[in-house]
Participant: 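I'd like to ask some things about the structure below.
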Amino acid sequence: MAVKTGKRSRGGAEQLFSALLFFLFLFCTLFTILIGSRVYENIRARNDASFQTDTVLAYIVNKVRQSDRADAVAVREEEGQQVLVLTSVFDDTVYETRIYQLDGRLYELFTQKDSGIGLSYGQEIMDCKPLSFSMAPRGNDASLLTVALDGGAEASLLLRTAAGMEGGTSK
């Protein structure tokens, strides 16, 4: 009978070792899933932030490229906000497209020049970090427009707005 008791205790140790090994495997699997989900969340958050920044800059850059004519792009301050002003003429009437950031959102306001309409009437485009515009002359009647977002993202455009240049392209 002593032989049977030895087999039982040895069999119990093997079962205990197998159970411990199974729980260790289960613990490692759960730990890997939790770490992986946290990594995924971080990647997604960075991707969302990058998408927002890239979209804001692309929107502004495309609007400026559409308006790149002599004296059609300006930066000014209105109601305490820095505003990018894009001027256009339709049927002998001068219109302005104003692009600005207000309360964490990007806005656009299209109105007749000197209409008196304030920035509060603008069309909300999307969420936007604080942004700034700067314009520097570059000689030969060209200017460098820089659009900068908080966080370091920026876009610079060389505006070829000299008289005799059509639509932003040189002769």
Side-chain angles (χ1 to χ4, degrees), residues 32-171:
T32 302
I33 289 171
L34 290 174
I35 293 296
S37 68
R38 193 169 306 267
V39 168
Y40 175 76
E41 287 176 21
N42 290 338
I43 290 171
R44 184 172 173 173
R46 274 188 269 147
N47 191 27
D48 289 346
S50 176
F51 173 78
Q52 181 187 26
T53 299
D54 292 346
T55 303
V56 166
L57 289 176
Y59 179 82
I60 295 170
V61 165
N62 284 324
K63 284 292 199 174
V64 170
R65 285 182 179 153
Q66 292 170 2
S67 299
D68 189 10
R69 291 174 195 78
D71 300 321
V73 180
V75 175
R76 67 179 182 224
E77 188 147 328
E78 293 182 20
E79 300 176 24
Q81 297 293 322
Q82 198 174 31
V83 178
L84 179 65
V85 181
L86 310 172
T87 306
S88 54
V89 178
F90 300 105
D91 295 329
D92 297 326
T93 304
V94 179
Y95 293 93
E96 292 180 339
T97 300
R98 300 177 197 153
I99 298 174
Y100 53 97
Q101 187 271 343
L102 187 64
D103 298 327
R105 291 179 175 80
L106 183 68
Y107 285 88
E108 178 180 318
L109 175 63
F110 180 78
T111 182
Q112 191 172 354
K113 185 174 181 175
D114 299 326
S115 67
I117 295 177
L119 298 180
S120 61
Y121 291 97
Q123 172 78 33
E124 182 181 325
I125 304 300
M126 66 180 303
D127 290 342
C128 178
K129 295 178 182 176
L131 68 109
S132 64
F133 305 103
S134 64
M135 233 156 130
R138 284 293 185 206
N140 295 335
D141 295 323
S143 299
L144 183 69
L145 172 67
T146 302
V147 181
L149 286 166
D150 272 4
E154 69 177 36
S156 295
L157 292 109
L158 183 62
L159 304 175
R160 301 188 180 277
T161 58
M165 291 187 176
E166 290 278 326
T169 60
S170 60
K171 288 183 177 179

Participant: Yes or no on side chain to side chain contact (heavy atoms under 4.5 Å, CB included) for L145 and V75, after CA distance, side-chain angles and deciding distance?
Facilitator: CA-CA 9 Å; L145 172 67; V75 175; 3.9 Å; yes
Participant: Apply side chain to side chain contact (heavy atoms under 4.5 Å, CB included) to the pair Q101 and V56, showing each step before the final yes or no.
Facilitator: CA-CA 10 Å; Q101 187 271 343; V56 166; over 6 Å; no
Participant: Just so I know, are the side chains of L106 and L131 near enough to count as touching, which here means a heavy-atom distance under 4.5 Å?
Facilitator: yes
Participant: Between CD of Q66 and OG1 of T97, what distance do you get to the nearest 0.5 Å?
Facilitator: 9.0 Å
Participant: Over 60° means perpendicular and under 30° means parallel, so classify the ring planes of Y95 and F90, tilted if in between.
Facilitator: tilted
Participant: Of the options D68, I60, V64, which is the one that meets L86 in a side-chain contact (heavy atoms from CB on, under 4.5 Å)?
Facilitator: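 Single pass found, and it is V64.
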Participant: For A72 and S67, work out which heavy atoms get closest and say how close.
Facilitator: CB-O, 3.1 Å
Participant: Nearest 0.5 Å please: distance from the CD atom of E108 over to the OH atom of Y59.
Facilitator: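 With rounding to 0.5 Å, CD (E108) is 3.0 Å from OH (Y59).
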Participant: Using modelled atom types only, decide if a donor and an acceptor are shared between the side chain of E154 and the backbone of T146 within a distance under 3.5 Å.
Facilitator: no
Participant: Any sub-3.5 Å donor-acceptor pair from T53's side-chain atoms to S50's backbone N or O?
Facilitator: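 Such a contact is absent between T53 side chain and S50 backbone.
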Participant: About how many Å separate CD of E41 and CD1 of I43, when rounded to the nearest 0.5 Å?
Facilitator: 11.0 Å
Participant: Is the shortest side-chain heavy-atom distance between K113 and T87 below 4.5 Å?
Facilitator: no
Participant: Could you give the distance from CG (L157) to OG (S143), rounded to the nearest 0.5 Å?
Facilitator: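 Interatomic distance, L157 CG to S143 OG, rounded to 0.5 Å: 11.5 Å.
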Participant: Taking all non-hydrogen atoms of both residues into account, name the closest pair between K129 and D150 and its distance.
Facilitator: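 That closest heavy-atom pairing would be CD-O, 3.3 Å.
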Participant: Answer yes or no: is there a side-chain heavy-atom contact under 4.5 Å between L109 and V83?
Facilitator: no
Participant: Any sub-3.5 Å donor-acceptor pair from Y100's side-chain atoms to Q81's backbone N or O?
Facilitator: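 Checked: no pair found.
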Participant: Does E124 use its side chain to pair, donor to acceptor, with the backbone of R105 at less than 3.5 Å?
Facilitator: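 Answer holds: no.
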Participant: L57 and L149: side chain to side chain contact (heavy atoms under 4.5 Å, CB included), yes or no, with the steps?
Facilitator: CA-CA 8 Å; L57 289 176; L149 286 166; 3.9 Å; yes
Participant: Is R76 salt-bridged to E96, going by a charged N under 4.0 Å from an acidic O?
Facilitator: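 Looking at E96 together with R76, the answer is yes, because their closest N to O distance falls below 4.0 Å.
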Participant: Using a 4.5 Å cut-off on heavy atoms from C-beta on, say whether the side chain of M135 contacts that of L159.
Facilitator: yes
Participant: Atom OG1 in T32, atom CG in L34: separation rounded to 0.5 Å?
Facilitator: 9.0 Å
Participant: Mind checking the CG-OG spacing from L84 to S132? Nearest 0.5 Å is all I need.
Facilitator: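 Here the interatomic distance stands at 11.5 Å.
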Participant: Identify the heavy atoms of S88 and F110 that sit nearest to each other, and give their distance.
Facilitator: OG-CE1, 4.3 Å
Participant: Check L102 against Y107 and note the closest heavy-atom contact, atom names and distance.
Facilitator: O-CE1, 3.4 Å
Participant: Tell me if the CG atom of D103 is crowded by more than 12 foreign heavy atoms within 6.0 Å.
Facilitator: no
